Amino acid sequence: MIAVAERINGMFKDVRRAIQKKDPGPIVDLAQKQTEQGAGYLDINVGTAAADQLSTMRWLIETVQGACKTPIAIDSQKLPVIQAGLEVCDGRPVMINSVSGDPEKLDVYMPLAVQHNAALVTLTMNVDGVPQNIDTRVEIAMTIVSKAMEHGLDMPKVFIDPIVLPVTVDQKQPIYICEVIKQIKTVLCDPAPSTIVGLSNISQGTSQRPLINRTGLVMLQAYGLDAAIIDVLDTEIMDAAISADVLMNRIIYSDSYLKSARM
Ligand code: THG
């Protein structure tokens, strides 16, 4: 499973403070620590930590690129912030995170992804909002897939995010997400698109967040999840994700598999 490391996000106090003081130290530290713990991508999200999101995104990316060689996920709902980030990327693999499943938006973001050879995270939501059932999520995934074919985006570089909702809001949601992932991976097209979730939403409002996060992650992996935005510094969730990859025969077992999978 591809772990997209979530900690370089302006919603965390340490990152917010670093952004406000333009202090690269904490950002460099998080980039290196998350890389050591097996991050496949480092998600970078300015959040609400700065007035000038464009220059802050550029600074964060340049700081991270100076600290490690790990691929980067540029996380913003705003196109200009994504574009500012892409401008300073140094040629390492990059992921655009994210765009909704509106056809008009896909017509803008997909050519951008092709132009930058970037992976693209697409959300199963549209102008009508975030669907809470299986079928509407899969319908939006079908729109995403047909748009990707039209724009010549490689299917494995299309990451579909079915949008995880908290188990406390509706206890049927986690198994719905499992079913959506299974359908995306088995019935839409061959090769299938990739799947991704922002995991920690699943445990919002519960008393057992880390446990529910890692149990949910392993379930989703069993249904074919390819990537998750998680706290890779949480050893227990990373160990669970890597063990699930072994049990699904996705990585080879050795006695040191927890360490080798992080390299
Ligand atoms: N899908 C996609 N991208 C995303 C999300 C998603 N990007 C943003 C977000 N969701 C994923 N990133 C985070 C980062 C941190 C936390 C959750 C998701 C987190 N928040 C703490 C909490 O929820 O309690 C609070 C943090 C704090 O203030 O200290 O851990 O779904 N494609």
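Every heavy atom of this structure was used, including side-chain atoms; hydrogens, water molecules and symmetry mates were not. Being a predicted model, the structure only gives us computed values, none of them experimental. Read the numbers this way: they start at 1 and go in the same order the structure lists the ligands and their atoms.
- Taking the charged nitrogens against the carboxylate oxygens, K147 and E150 do have a contact shorter than 4.0 Å, which makes a salt bridge.
- The neighbour count for E236 CD, taken as heavy atoms of other residues, nucleotides or ligands under 6.0 Å away, does not exceed 12.
- Atoms of ligand 1 found under 4.0 Å from any heavy atom of R209 (numbered from 1 in listed order, with element): 22 (C), 23 (O), 24 (O).
- Side chain of Q65 to backbone of V88: a donor-acceptor contact under 3.5 angstrom is found.
- For ligand 1, the polar-atom distance check against S98 finds no nitrogen or oxygen pair separated by under 3.5 Å.
- A salt bridge links R250 with D226: at least one charged nitrogen is closer than 4.0 Å to a carboxylate oxygen.
- Other residues, nucleotides and ligands place no more than 12 heavy atoms under 6.0 Å from the CD atom of Q171.
- Heavy atoms of N201 stay at 4.0 angstrom or farther from ligand 1.
- Within 4.0 Å of atom 3 (N) of ligand 1, at least one protein heavy atom is present.
- Cluster membership check: L120 does not share its hydrophobic cluster with L123, using side-chain heavy-atom separations under 4.5 Å among Ile, Leu, Val, Met, Phe, Trp and Tyr.
- Under the 4.0 Å criterion applied to side-chain N and carboxylate O atoms, D239 and R214 are not assigned as salt-bridge partners.
- Here's the thing with D75: one of its N/O atoms is less than 3.5 angstrom from an N/O atom of ligand 1.
- Scanning all protein heavy atoms for the shortest distance to atom 6 (C) of ligand 1 gives G198 CA, 3.6 Å.
- Panel note: side chain K21, backbone R16; no donor-acceptor pair is recorded below 3.5 Å.
- Within a 4.0 Å radius of atom 9 (C) of ligand 1, the protein contributes no heavy atom.
- Counting the atoms of ligand 1 from 1 in the order shown, those under 4.0 Å from a heavy atom of S200 are 16 (C), 17 (C), 18 (C).
- Considering backbone and side-chain atoms alike, D161 places an N or O below 3.5 Å from some N or O of ligand 1.
- Of the N or O atoms in N45, none lie within a sub-3.5 Å distance of an N or O in ligand 1.
- A donor-acceptor pair under 3.5 Å is absent between the side-chain atoms of T215 and the main chain of I212, judged by distance alone.
- What sits closest to atom 32 (N) of ligand 1 on the protein, heavy atoms only, is N97 OD1, 2.8 Å.
- Within ligand 1, the atoms closer than 4.0 Å to a non-hydrogen atom of M11 are 15 (C), 16 (C), 19 (C), 20 (N), 21 (C), 25 (C), 26 (C), 27 (C), 28 (O), numbered from 1 in the order shown.
- Counting heavy atoms closer than 4.0 Å to ligand 1, residue Q204 contributes side-chain atoms (C-beta onward) but none from N, CA, C or O.
- Every atom of ligand 1 with a heavy atom of V121 under 4.0 Å away is listed here by number and element: 32 (N).
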